[in-house]
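Structure first, commentary second.
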Amino acid sequence: MSTRLASGGRLIDRTNPIHFTFNGKQLKGYAGDTLASALLGADQMLVGRSFKYHRPRGIVAAGPEEPNALVNLGDGAFFEPNQRTTVTPLRTGMEAASQNHWPSLDYDVGALNQLIGRALPAGFYYKTFIHPRPFWKHVFEPFIRQSAGLGKAPKDRDGDVYEHLYAFCDVLVVGGGVAGLQAALAAGASGLRVLVLEQWGHWGGRAPVDGAVIGGQSAEDWVKDALDRLDRMENVVLRAQCQASGVYDHGYVLATETVSGHTPGGATPRARLWRIRTKQIIAATGAIERPLSFYGNDVPGVILAGAVRDFVVNWGISPGDRTVVVTNNDDAYRTAICLREAGLAVPAVVDARPEATGALPEKARALGIRVLTGSAIAKVKGKKRVEGVALCLQLGEGAVTEEIACEAVAMSGGWSPVVHLWSHCGGKLVWDDALAMFRPDASRPPLGADGGAMVRTAGTANGVMDTPAVLADAAAAAADAVTAAGGQPADVTAAKAEDEPEAPILPVWIMPQGAGVAMRTKMWLDFQNDVKVSDVQLAAREGYESVEHTKRYTTLGMATDQGKLSNINGLAVLSQSLDKPIPQVGTTTFRPPYTPVPMGAIGGEARGDLFQPLRRTAIHDWHERNGATWEPVGHWRRPYCYLRSGESVHQAVEREVKNTRENVGMLDASTLGKVLVKGPDAGKFLDLIYTNMMSSLKPGRCRYGLICSENGFLMDDGVVARIDDETFLCHTTTGGAERIHAHMEEWLQTEWWDLKVYALNLTEQFAQIAVVGPKARKVLESLGGMDLSREALPFMAWSEGELGGFPVRVYRISFSGELSFELAVPANRGRELWDRLIKAGAEHGVMPYGTEAMHVLRAEKGYIMIGEESDGTIIPQDLGLDWAISKKKADYIGKRAQMRSHMTDPSRWKLVGLETVDGSVLPDGAYAVGQGRNENGQQNAIGRVTSTYHSPTLGRGIAMGLILNGPDRMGEVLEFTKIGGGVVTAKIVGQVFYDPEGEKLDA
Amino acid sequence: MRDFAETSGVRVEALPPAGMVTLRGDLSDPRLGDALNAVGLALPDRRRIAAGSAGSTVWMSPDELLVVCGEGEDRGLAARLSEALAGVHHLAAAVGDARVRFAIDGKGARIALAKIAPADMAAFEIGEVRRTRVAQVAAAFWMTGPDAFELVCFRSVADYAGKLLASAAGNVEGIALP
């Protein structure tokens, strides 16, 4: 059993015990523990079940590469699934629960999948669940959904808070091991701005565990020293518990900091997403140990050799009284030595190499450890924990030569540099035969904006394995990075470390090499996704040659650990199966993030009140207090209607429409876009922007205009007022303000930069109030100060002055068909003017009206609405707006497109009015039914409804629609589809239902 | 390492309305600088703010300035600028009503802004201007003194900006920028 040693554990504080639960069981750890070390300390070897076969699984690693030991953590608002115990600091009261089993971790029904494992081979989804077709939806998918997945999905809103932080630096060092610290010292000495990120809460990486000696000091002391020196540098910032997860173009790096001292529910953020822009990146990210592929390498208690050392040295954990070490390299002997020095038994080191004569094996032998060369593990005995190993010859087929009882197996298949950050932006790798690893190819780095290397690797991440070389490599990488970042490298010599000679590794991808199929189906490559050696070999036999295809076919490396342990072993097995050298098979693509980033951290502060900005007009508060129900229009909230007590929304709209037609209504039109266009060439410019002529507009007058895209489609419409010779004010739709301003800027900056024109978005400078209805003039005249008579201010004119003491521009424009004035006032006085008008209008029966009444009013009048009659495929000609398209102009945006054959096709559907025969309201978007069926067997359509309302004024349903040859079919009755079947009949009529002569608006 | 927020205490305050003028024109044209001087304003360097007797001038882009003046003075100032620039292609318009202002100050103000604006706050200098965004809305800010900033954004999002700044101003201790 795994247990806590009586002494030791450089990271834990034995005076500070911490209580936590696992599956409801009370357990104890110490401050400084990870959840994984605390679980091992409490003999919790079995921590989860695998994804497919529900095999018992234990902790296999001691860092972010851990595939098995993922837990559900916390509950309610602080519940999180898939938390990696090996990187989760232990906290008081932590509630952890294992995943992927039912009914319990010890007795899991899903483990029956093992018995039918033969029916679940690689690609079993593709092979098994194809026929019969309906079974997928009703049988297979529900079953798979039930049994798949790791953690539970959180049900409650996340109770934690998160934030972002933007940081800039010259050199970013990722990794706070000895390589990272050496690089930081060298880069820091140059005076450049340096940021150093470390994934753990402690610094120094593996060196203190592995017993490196630097500058005559222990690695631990050297690290302490280095941190002191870095702390004193004003230009260097160190962040621990900050995991760099991705490198992106132009030196952009994302990192997630777990904010220390965080307690759930507190005001401090749980995580902070660093958004870093740097000139140079040094990835000193170390290396990850590879498992060996032998029968039963997934039994709880089989642990990576380096992780075993970590647990012993960092956390004072014994993985078991007796640990067998299995290896193909010298490094794993450090584990044997470390265990022995901790007073534990190492019955044997099983070394696949024919001989082991290096300094480390000799030291192990000197300690009395039995070294078995040319040997392999034939089988791990035990189900929920290791009980022993059976040994065999590595060169043989697995005949058992000996059995050894033990509680743990420490395995090492060699090390793979963590090249992720190097690779994210295109850094290439090279296969190093001597070291049996992919390492960064310095001649093909990821390139930055200047065309030079953007990322450098240092130390073990660069495939440099012994400490003296690591430090020299790091100092050199820092000097290069400083130079590339535009600095002057300081004269820093790398610290000197003691030599650590190692004999060469022997690449071993299957153990033993001649293992038969029965053994290979129990050799795990990907522990989390249950991919075995036999699965990759099957894929190769079935013709999968590309490593990317094999990955997807077998799901190798597609679990939440993204194949940190399995990818190299998997592709090596594939290369053997294909008889192709490893570099020719290559690796899969390394993509961000290196480790998972919490969704909450990505969202940052954008939640609750800050989820999305809401835009409020100057009159918003009044609407809110007066019964407004809201309609979102872009980020604005506009009143849809104003509810009075006892009224339905429909009744409110009817009342508002009628009152506007009979008395006077007021609309908050502040959200409409207002773009000021000024310059000697303003008229010429607007003639190009609008389809009709704007240069001929006289100052003091207004003109309705249309804006089309290059492809001729209608984008926006609105009224343009000419302010003076050089100045126009262009009104846009609410949603069009920013878009049309940007459209104008784009044309001015990219195509017509020679035109002397400036455009400025003034939308928010003015509150705009429409006073609409037969009594509108009376209301305004009661304020006094301006002559608003028909003669002084005719329809489509504007005038500026003081109205009741307010500086206003009054536009005589109408979107309702009524006598209408739109008052623009500086926004800070908007609310005051609104209140004044409401008061002045009281005796005339004034009522505010919302966007729905506005829609109904315009539809009664047959005015089009952008987004209703237009949808990005409509040209003005479709809407009968030919009158607003200049024939005289040589050009305008969209003109040539509108001359294309499809645009001039007479069979394009055209806008008409529609009146139901029975007076009902046509369904929105209904199709006009045509003869016959199309090639897809669908009913042919000859038109569709674009706007449809109940008209309070006419007391019946009215609509507009686009109909084939519509304008030529006046009076014809068509059938329209209804939701739920059946048809409604409607007559084609003119689209102007109200006051076709326009007497009202000209009053 | 430099710690910008050894102690917290970032204060966020909505400032009273001010007059503002957007001036667009060719900033390299000496006539533009002359016109600014003529109305009591100074031409700022790129990404800087310049003080004058009639107000401060904020550099917004190679062809745009934002003048901040007294409340109610912007329409008059815009008219005087246009007069002084008669015959020179330009656009001057009062925009004070379109914007709101906030003051952010106290130790840690740089950190508060670094949480929401993609700007290099560690290197920010007094008199420097950044036209950028804060979280999801457009904004510009400049440094008015040690650990003191003034920020402008559109009036429609004043509520969002105020809550955002208040949230960013919390928990600035212990955060260091390189």
Side-chain angles (χ1 to χ4, degrees), chain A residues 161 163-170 172 193-195 230-231 233-239 259-261 267-269 272 275 277 604-606 609-610 612-618 620 635-636 671 676 678-680 727 756-767 807 826-830, chain B residues 1-3 17 20 22-26 63-64 71-72 74-75 82 87 89-100 111 113-123 132 134-138 153-161 163-164 166-168 170-171 173-178:
Chain A
V161 292
E163 66 186 22
H164 291 180
L165 186 73
Y166 296 88
F168 293 72
C169 58
D170 298 311
L172 173 71
R193 297 163 72 187
V194 178
L195 176 61
L230 289 168
D231 244 345
M233 294 185 183
E234 285 248 302
N235 54 321
V236 177
V237 166
L238 301 162
R239 295 310 276 192
V259 180
S260 59
T268 50
R272 178 179 295 132
R275 306 175 69 167
R277 189 70 75 176
E605 82 301 321
D609 278 349
L610 299 178
Q612 197 180 49
L614 287 190
R615 299 178 72 182
R616 302 154 70 99
T617 72
H620 187 98
H635 283 179
W636 295 100
T671 61
L676 191 68
K678 186 189 174 224
T727 315
K756 286 186 169 169
V757 178
Y758 287 118
L760 177 67
N761 186 352
L762 281 182
T763 302
E764 299 212 19
Q765 172 66 12
F766 300 99
N828 287 340
R829 301 197 65 188
Chain B
M1 66 177 83
R2 285 179 299 170
D3 188 345
M20 294 183 207
T22 288
L23 176 65
R24 295 198 62 181
D26 178 359
D63 67 354
E64 184 173 339
E71 189 192 2
D74 52 3
R75 294 212 296 165
S82 279
H89 173 42
H90 76 284
L91 182 160
V95 294
D97 286 63
R99 287 167 176 78
V100 289
I111 300 292
L113 285 170
K115 290 183 191 179
I116 50 179
D120 186 353
M121 294 314 298
T132 177
V134 286
Q136 299 177 61
V137 296
C153 68
F154 283 116
R155 67 171 297 132
S156 65
V157 292
D159 188 59
Y160 170 85
K163 285 175 179 158
L164 176 73
S167 132
N171 295 306
E173 294 107 323
I175 304 179
L177 291 171

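The chains referred to below are lettered A, B, ... by the order of the sequence lines, with proteins before strands, and numbering in each begins at 1.
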Is the shortest side-chain heavy-atom distance between [X] and [Y] below 4.5 Å?
X         : Y         : answer
Leu676(A) : Leu91(B)  : yes
Arg272(A) : Ile175(B) : yes
Pro680(A) : His89(B)  : yes

I'd like to know if the side chain of [X] and the backbone of [Y] have a donor-acceptor N/O pair within less than 3.5 Å.
X         : Y         : value
His164(A) : Ile116(B) : no
Arg24(B)  : Ala759(A) : yes
Glu764(A) : Phe154(B) : no
Asp97(B)  : Asn828(A) : yes

Segment of [X] engaging chain B (4.5 angstrom heavy-atom cut-off):
X         : result
Arg277(A) : neither
Leu614(A) : backbone
Ala618(A) : both
Arg616(A) : both

Does any backbone or side-chain atom of [X] lie under 4.5 Å from a heavy atom of chain A? Answer side chain, backbone, both or neither.
X         : answer
Ala168(B) : neither
Val95(B)  : both
Pro17(B)  : side chain
Ala161(B) : neither

[X] side, atom [atom1]; [Y] side, atom [atom2] - distance, nearest 0.5 Å:
X         : Y         : atom1 : atom2 : answer
Ser156(B) : His635(A) : OG    : NE2   : 10.5 Å
Arg155(B) : Thr763(A) : CZ    : OG1   : 13.0 Å
Leu165(A) : Lys115(B) : CG    : NZ    : 8.0 Å
Gln765(A) : Arg75(B)  : CD    : CZ    : 8.5 Å

Next item on the list: Let me know which of Leu195(A), Leu238(A), Asn235(A), Val236(A) forms a side chain to side chain contact (heavy atoms under 4.5 Å, CB included) with Pro178(B).
Entry: Leu195(A)
Next item on the list: Show your working on side chain to side chain contact (heavy atoms under 4.5 Å, CB included) between Arg193(A) and Asp120(B) and close with a plain yes or no.
Entry: CA-CA 12 Å; Arg193(A) 297 163 72 187; Asp120(B) 186 353; 2.7 Å; yes
Next item on the list: Go through the steps for Gln136(B) and Leu610(A) under the test side chain to side chain contact (heavy atoms under 4.5 Å, CB included), then give the verdict.
Entry: CA-CA 9 Å; Gln136(B) 299 177 61; Leu610(A) 299 178; over 6 Å; no
